[in-house]
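Just so you know, these numbers use all the heavy atoms, side chains as well, and skip hydrogens, waters and symmetry mates.
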Number of protein chains: 2
Amino acid sequence: MQDDGSTAEDQTLDQMVCFAIYSAGHAMNRVYKPLLDALGLTYPQYLVMLVLWERDDLTVGQLGERLFLESSTLTPLLKRLEAAGLLRRVRDSLDERQVRLLLTDAGRRRRGDAAAIPACVIKATGRSLVELRRLQAELESLRRSLHEAA
Amino acid sequence: MQDDGSTAEDQTLDQMVCFAIYSAGHAMNRVYKPLLDALGLTYPQYLVMLVLWERDDLTVGQLGERLFLESSTLTPLLKRLEAAGLLRRVRDSLDERQVRLLLTDAGRRRRGDAAAIPACVIKATGRSLVELRRLQAELESLRRSLHEAA
DNA sequence: TGCGATCGAATCGCGCGCAATATAGTCGCG
DNA sequence: CGCGACTATATTGCGCGCGATTCGATCGCA
């Protein structure tokens, strides 16, 4: 059966890699949570704000491409950020199908409050910047392969 | 030491690593979904079945320790697996606080139906077993560091 | 024996995350 | 202009995932 030299352990390796990603993601979330609670943001909301802090006036679709998320995920999340006063959702007057995301002053100000987070999380990983950079590149490459396969 | 990048990039490295884990997890899920749909399982349900196929008669708490999940996540999930006829949830007669998880014959049989999944997923990663094993070890080590930090 | 502390699981409320679907707006073409 | 195809976002239904809380069972200890 296993003419490629793999063993019974190899048979479940995908499960272990996937579970490793899955559980590392949860562990990350648990580190971020107390830091983000202080900002009144969830982790996905924080990701949205990171994108918009870099450049706002994006459409929902453009944001979804950056984050690999669907409008069914983003629309309610963005409404909550709007309700929190961090951004405005404005129909594009040239193409009323699109919704443009504009940071409010309050939304822009929150960037400063979030400035301390990266260092905290890097510290919690217990890893060097070089190691983190390599891990990141590896995971991004893996994500691209999985996208192609799907 | 080489000059390997600007400070500004370092400031956001944690975000990029975390996002890489986060989005790779979603990409994994999208690969698993069609495979698991055929079995009538979700990914978390599949993880539970993997643990129980290895050894059942665990308590909810023991299962949670293996998967790093809380009873508030597992209880409803386990009820769905019970409703699907894959396992039984039985109060331990010696300690009625605990619930023991026992696979049904149908639950045990489903193991065979799932046998093809690992190879499919490994193929989708486009990576060698050696690479996957290393990535797995790295992520598990990261998870341990994050647990300690939290 | 009694009774408070603790424990394991269950429940509740909320926010994702997505597939399927709906709705509204735009475009292409006769 | 009118109509069908297409596009962007929104809605719905379901299953996580967790913190906070509850509930019944068990333990500790006088």
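- A close approach under 4.0 Å does not occur between any side-chain nitrogen or oxygen of B:Q98 and OP1 or OP2 of D:dT26.
- Of the residues near DNA chain C, A:D95 and A:L77, the one whose nearest nucleotide (by heavy atom distance) lies more toward the 5' end is A:L77.
- Look at B:E148 and B:R144 and you find no salt bridge, because none of the NZ, NE, NH1 or NH2 atoms lies under 4.0 Å from a carboxylate O.
- Close to C:dA10, at under 4.0 Å from its OP1 or OP2, lies a side-chain N or O of B:R89.
- A close approach under 4.0 Å does not occur between any side-chain nitrogen or oxygen of B:Q62 and OP1 or OP2 of C:dG8.
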Can you name the atoms? Protein N/O to nucleotides 19-21 of chain C N/O, anything below 3.5 Å, with the distance.
unit_1	atom_1	unit_2	atom_2	d
C:dA19	N6	A:S72	OG	3.1

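- Between B:R109 and B:D105 no salt bridge is recorded (no basic side-chain N to carboxylate O distance below 4.0 Å).
- For A:E131, the side chain to side chain donor-acceptor pair (under 3.5 Å) criterion is met by A:S128, not counting sequence neighbours.
- Without hydrogens or angle criteria, A:Q98 side chain to A:T59 main chain gives no donor-acceptor distance under 3.5 Å.
- Note that the two end axes of the helix from C:dT1-D:dA30 to C:dG30-D:dC1 enclose an angle of 0°, each drawn from 5 base pairs, rounded to 10 degrees.
- A close approach under 4.0 Å does occur between a side-chain nitrogen or oxygen of B:R80 and OP1 or OP2 of D:dC16.
- There is a path of hydrophobic side-chain contacts, each under 4.5 Å, that joins B:F19 to A:W53.
- Side chains of A:V48 and A:L41 form no contact here, defined as non-hydrogen atoms less than 4.5 Å apart.
- Looking at heavy-atom distances under 4.0 Å, B:L94 makes contact with sugar-phosphate atoms alone, never a base.
- Residue B:Y43 has no polar side-chain atom (N or O) positioned under 4.0 Å from OP1 or OP2 of D:dG15.
- At C:dC16, one or more side-chain N or O atoms of A:T42 fall inside 4.0 Å of OP1 or OP2 (strictly under the cut-off).
- A:L142 has its side chain within reach of B:M28: a pair of non-hydrogen atoms, C-beta onward, lies under 4.5 Å apart.
- In this structure, B:L69 and A:H26 have side chains that are in contact, with non-hydrogen atoms separated by less than 4.5 Å.
- Without hydrogens or angle criteria, A:R91 side chain to A:R97 main chain gives a donor-acceptor distance under 3.5 Å.
- Which of C:dT26, C:dC16, D:dC18 sits closest to the side chain of A:E96 comes down to C:dT26.
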